[in-house]
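Just below is one structure, and these are the notes that go with it.
Numbering of residues begins at 1 and proceeds along the displayed sequence.
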Amino acid sequence: FPGHDIWRENGGTFAANGAGHFDFTNASFVSWLTGLIVDFVTKNPTIDGIVLDYIRFSNSPTGPLYGNQAARVAAISSAIQAIKTAIRAIHPTIRLSCWGQAHQGTPIGKTWRDMGNDMTQWVHEGLIDIGWDGLYEDDPSTAFQAYEGMLQSIAHGDRLYPVVANYTTG
């Protein structure tokens, strides 16, 4: 996003692998993202849903609101509400969903809620219609154990869906 480096955490600094995180505390970014999604929905009237992927802050101590879980969740919740309100004004029945982890664990040991993603609560509150729980593990049996734990910890299993995948670290 040339000319818009302030939309990224740390003023545009991305990790060496090309990964980066947007700054959901930046109102101009949230406005731009909402406008982009509205434009897409407007130009594609038959679309029935939008999935927000990678909707979280980084785990970096230099990232916005690091260490303030509630403020991070509130910032992203506000962005999701802006998107939902805008797209429902155009398409009242469109579904809004996101990726997260209902079982609240990540390979690096920080919860997704620490990174501002509280997908389970968003489903409970009706902020999103569907949550996609990415269960990524080296051993698929570990992913299925995590899935079982997720089912025991949620009340809206009809709107939280696991996506089980594995990856190799060797």
message: To the nearest 0.5 Å, what is the distance between SG on C98 and CG on D53?
response: 9.0 Å

query: Under 3.5 Å, side chain of N26 to main-chain N/O of S28, donor-acceptor pair present?
result: yes

message: With rounding to the nearest 0.5 angstrom, report the CD1 to CG distance, I83 to L33.
response: 4.5 Å

statement: Closest non-hydrogen contact found for F57 with G116 is CD1-CA, 4.4 Å

- request: Write down the atom of I130, the atom of V123, and the distance for their closest heavy-atom approach.
  value: C-CG2, 4.2 Å

message: Taking side-chain hydrogen bond (donor to acceptor under 3.5 Å, both in side chains) as the definition, give me every residue that meets it alongside Q121, ordered by chain and number, with sequence neighbours left out.
response: E125

Side-chain heavy-atom pair I37, W32 within 4.5 angstrom cut-off: no

task: List in chain and number order the residues that pass side-chain contact (heavy atoms from CB on, under 4.5 Å) with I90, two or more places apart in sequence or in another chain; answer none if no residue qualifies.
output: V38, V41, T42

message: Run I128 and W122 through side-chain contact (heavy atoms from CB on, under 4.5 Å) and show every step you take.
response: CA-CA 6 Å; I128 61 171; W122 297 334; 3.8 Å; yes

message: Could you check whether R88 pairs with D129 (Lys NZ or Arg NE/NH1/NH2 to Asp/Glu carboxylate O, under 4.0 Å)?
response: yes

- prompt: Are side-chain heavy atoms of I50 and R95 found at a separation under 4.5 Å?
  reply: no

query: Counting distance only, does the side-chain N/O of D39 pair as donor-acceptor with the main-chain N or O of G35 below 3.5 Å?
result: no

field: Minimum heavy-atom distance R72-M115, with the two atoms named
entry: NH1-CA, 3.6 Å

- prompt: Which distance, rounded to the nearest 0.5 Å, do you find between the CD1 of I76 and the CG of L127?
  reply: 11.0 Å

task: Please check if any side-chain donor atom of S77 sits under 3.5 Å from a side-chain acceptor atom of Q81, or the reverse.
output: no

task: Heavy atoms only: give me the nearest T34-A82 pair and the separation to one decimal.
output: CG2-O, 3.8 Å

- request: Return the orientation label for the W132 and W99 ring planes: parallel under 30°, perpendicular over 60°, tilted otherwise.
  value: tilted

- prompt: Any side-chain heavy-atom pair from F24 and I55 closer than 4.5 angstrom?
  reply: yes

- request: Looking only at non-hydrogen atoms, find the nearest pair between A75 and T25 and report the distance.
  value: CB-CG2, 4.4 Å

message: Given 3.5 Å as the limit, does a donor-acceptor pair link the side chain of H91 with the main chain of I47, or not?
response: yes

- prompt: When rounded to the nearest 0.5 angstrom, what distance separates CG in L96 from NZ in K84?
  reply: 7.5 Å

